[in-house]
Amino acid sequence: MSFSYCCVITGPIGVGKTTLYNRVEQYLKNKYSNFVSIREYLDDNEIHETSDKMLKQYLNNKVSDSVFQNYIQQYYIKKLSVNLVDKIVLMERSVSDSIAIFSNLANKKGKLNNIDLAIMYDNCINVDKIRQTPNYFINNFELTLIRSEEHTSEL
């Protein structure tokens, strides 16, 4: 069930993840035939309409943090459930990213209860262990920081 290599582009909102992702994706598409791309849920053309609707409902307080975060987590779980053996995988965010960045914040604001957060942590750790994807909580990844545009110019 493992792949050859998994790269996750992560970081806070607005730091240029999508820009970097697009460059790395194009490079990998041109170089490797066994390449698989897993975009952030909002940027996935297959589910864009559903994601856009869910985000709007969430922002208008019509969908709870628990439902919204579960939707995001299930998106990544579904994407990782396909056969990725011997594939090079590029991900924009990861299953643990959603928990570490958004669910923890929602929990601190009182919008996501401790039980829902614990379930999300458990799901996240289990999926990442099985699929061997990078996970903050089980430290199974190597972190490389890219600090400026000059580092991505060759991509």
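Below, each value reflects all heavy atoms present in this structure, side chains not excepted, and no hydrogens, waters or symmetry copies.
For the pair Arg23 and Ile9, the minimum side-chain heavy-atom distance is 4.5 Å or more. Residues Glu40 and Tyr76 have side chains in contact (heavy-atom distance under 4.5 Å, counting atoms from C-beta outward). Looking only at side-chain heavy atoms (C-beta outward), Asn22 and Glu25 come within less than 4.5 Å of each other. Ile88 is not listed as a side-chain neighbour of Val36, based on a closest heavy-atom distance of 4.5 Å or more. Residues Met91 and Cys7 are not in side-chain contact: their nearest non-hydrogen atoms beyond the backbone lie 4.5 Å or more apart. Side-chain contact between Lys79 and Gln74: absent, with no pair of heavy atoms (C-beta onward) separated by less than 4.5 Å. Counting only heavy atoms from C-beta outward, the side chains of Glu92 and Thr18 approach each other to under 4.5 Å.
Atoms OH and CG, from Tyr71 and Leu55 in turn, are 9.5 Å apart once rounded to the nearest 0.5 Å. Distance check, rounded to the nearest 0.5 Å: CD1 of Ile77 to CG of Asn123 gives 5.5 Å. Here Met120 contributes atom CE and Asn104 contributes atom CG; the two are 10.5 Å apart, rounded to the nearest 0.5 Å. Ser37 OG to Leu28 CG: the interatomic distance, rounded to the nearest 0.5 Å, is 9.0 Å. If you take CE on Met54 and CD1 on Ile72, they are separated by 9.0 Å, rounding to the nearest 0.5 Å.
Counting non-hydrogen atoms of neighbouring residues, nucleotides and ligands closer than 6.0 angstrom, the CG atom of Leu59 exceeds 12 such neighbours.
In terms of heavy-atom proximity, Leu80 sits nearest to Ile38 at CD2-CD1, 3.8 Å. Closest heavy-atom contact between Ser66 and Leu112: CA-CD1, 3.4 Å.
Cluster annotation: Tyr32 is connected to Val24 through the hydrophobic network of ILVMFWY side chains, with a link wherever side-chain heavy atoms come within less than 4.5 Å.
Exactly one residue among Tyr5, Phe35, Tyr27 makes a side-chain contact (heavy atoms from CB on, under 4.5 Å) with Leu90. That residue is Phe35.
Ring pair Tyr58/Phe68 is parallel by interplanar angle, where below 30° counts as parallel and above 60° as perpendicular.
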Intermediate values then yes/no, side chain to side chain donor-acceptor pair (under 3.5 Å), Ser51 and Tyr75: CA-CA 10 Å; Ser51 294; Tyr75 165 77; over 6 Å; no
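Under a 3.5 Å cut-off, the side chain of Asp44 and the backbone N or O of Glu46 do form a donor-acceptor pair.
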